[in-house]
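Report on the following structure.
Side chains included, hydrogens not; waters and symmetry mates left out as well; all remaining heavy atoms used. Note on naming: letters A, B, ... go to the chains in the order of the sequence lines (proteins, then strands), and numbering restarts at 1 for each one. What you see is a predicted model; the values in this text were computed from it and never measured.
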Number of protein chains: 2
Amino acid sequence: MACIFCSIAAGEAESYQVYRGHGLMVILDKYPVSRGHLLVIPVEHYEAVQDTPPRLLAKAWVAASALAHVYRSRLGARGVKVLTNSGRIAGQVIFHFHIHVIPYWGDGQLGRGVLTREEALSVLEMLEPHKGVVEEYLKGAGLVG
Amino acid sequence: MACIFCSIAAGEAESYQVYRGHGLMVILDKYPVSRGHLLVIPVEHYEAVQDTPPRLLAKAWVAASALAHVYRSRLGARGVKVLTNSGRIAGQVIFHFHIHVIPYWGDGQLGRGVLTREEALSVLEMLEPHKGVVEEYLKGAGLVG
């Protein structure tokens with residue numbers, strides 16, 4: 001069985017990519033809960049939080065936190081959730097470790113339709129000036145040189 | 001206005017403590033969503049994920065992930081969620097950064113009553129043999145010496 005995130009990492013499946021580096025990729029969730037719903041995913045395959053190595057966990061969570069900072073402190077989001085689900089019973093759907101970053105804008109739009117190309121491009125444009133924050137946070141945490 | 005987590009950190013308010021070290025404390029949530037619901041909290045006060053410094057974020061998330069590993073890989077939990085909420089609209093209730101670790105045991109018990117002393121002591125006893133995993137993960141991530 002092919003893993004969709006491994007296919008995306010290998011460039012064999014499409015995605016809208018926000019960031020790639022240091023063994024991580026950040027893409028737009030295909031079924032966003034809100035505008036700007038992101039996934040932080042290690043390029044290497046691990047099933048979930050419990051089997052991902054500590055150093056890679058640190059990088060992934062710090063990258064996710066950097067994006068939460070961008071939403072809350074730079075882009076005016078009124079809230080944000082940062083989370084991972086492990087196990088079907090806890091809501092995990094794709095069994096390749098990933099962290100959700102879900103901004104709340106206060107417009108009540110927490111739906112779950114398919115991401116449109118128009119929305120995807122507008123989210124990428126919104127994030128473009130702030131992508132450096134991921135690198136800053138990884139450096140700030142002492143996780144990259 | 002006093003911050004309850006600052007009061008707990010200072011030893012002025014009670015809590016059931018699982019771990020303390022490296023600027024972090026892990027306590028039992030007073031209103032657990034499931035048996036073993038934990039909070040990973042920096043001792044120093046920050047409002048939420050967006051204003052917590054990167055290095056401290058890395059430590060807190062890695063500690064939370066270590067506890068998720070304990071639940072999933074050692075204690076038989078069928079699932080676990082690891083998450084933080086920022087902003088009232090996203091479900092944040094206490095405005096001192098904290099990460100929830102919520103195990104799923106498959107018994108359908110996702111209530112939210114007040115933690116009893118009996119349940120607290122039984123959770124502490126369950127975790128006692130595995131507390132070293134937090135330190136192992138922090139070391140494994142290169143976050144402590």
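- No donor-acceptor distance shorter than 3.5 angstrom exists from the side chain of A/Lys81 to the backbone of B/Asn85, with no hydrogens or angles considered.
- For B/Arg88, the CZ atom sits in a loose shell: 12 or fewer heavy atoms of surrounding residues, nucleotides or ligands are nearer than 6.0 Å.
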**Request:** Could you please spell out the steps behind the side chain to side chain contact (heavy atoms under 4.5 Å, CB included) verdict for A/Trp61 and B/Val82?
**Result:** CA-CA 11 Å; A/Trp61 284 116; B/Val82 180; 3.8 Å; yes

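- Residue A/Ile27 is not grouped with residue A/Val43 when hydrophobic side chains (ILVMFWY) are merged at heavy-atom distances under 4.5 angstrom, including chains of intermediate members.
- More than 12 heavy atoms of other residues, nucleotides or ligands lie within 6.0 Å of CD in A/Glu12, so this atom counts as buried by the packing criterion.
- Between chain A and the residues B/Ala58, B/Ser73, B/Ala68, B/Ser65, the largest count of heavy-atom pairs under 4.5 Å involves B/Ser65.
- Following chains of ILVMFWY side-chain contacts shorter than 4.5 Å, one cannot reach B/Met126 starting from B/Ile102, and the two form parts of different hydrophobic clusters.
- Atom CG of A/Leu83 and atom CD1 of B/Ile99 lie 12.0 Å apart (nearest 0.5 Å).
- Under a hydrophobic clustering in which Ile, Leu, Val, Met, Phe, Trp and Tyr are joined whenever their side-chain heavy atoms come within less than 4.5 Å, directly or via other members, B/Tyr16 and B/Tyr31 fall into different clusters.
- Note: the hydrophobic cluster containing B/Val123 also contains B/Leu75 (ILVMFWY, side chain heavy atoms under 4.5 Å, direct or indirect links).
- Between A/Pro54 and B/Gly140 the shortest heavy-atom distance is CB-C, 3.9 Å.
- Proximity to chain B is limited to the side chain of A/Leu143, based on heavy atoms less than 4.5 angstrom apart.
- Residue A/Gln17 qualifies as enclosed at atom CD: its count of foreign heavy atoms under 6.0 Å is above 12.
- In the hydrophobic cluster analysis, where Ile, Leu, Val, Met, Phe, Trp and Tyr join through side-chain heavy atoms closer than 4.5 angstrom, A/Tyr71 is grouped apart from A/Val33.
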**side chain to side chain contact (heavy atoms under 4.5 Å, CB included) between A/Leu57 and B/Tyr137, worked out** = CA-CA 10 Å; A/Leu57 286 167; B/Tyr137 264 60; 3.6 Å; yes

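- The CZ atom of A/Arg72 lies 6.5 Å from the CD atom of B/Glu47; values are rounded to the nearest 0.5 Å.
- Between chain A and the residues B/Gly87, B/Ala77, B/Ala141, the largest count of heavy-atom pairs under 4.5 Å involves B/Ala141.
- Options A/Thr84, A/Leu56, A/Thr52, A/Val70 differ in how many heavy-atom pairs under 4.5 Å they form with chain B, and the most are formed by A/Thr84.
- Listed options B/Asp51, B/Val49, B/Val80 were ranked by heavy-atom pairs under 4.5 angstrom with chain A; first place goes to B/Val80.
- Atom OH of A/Tyr104 sits about 11.0 Å away from atom OG of B/Ser86, to the nearest 0.5 Å.
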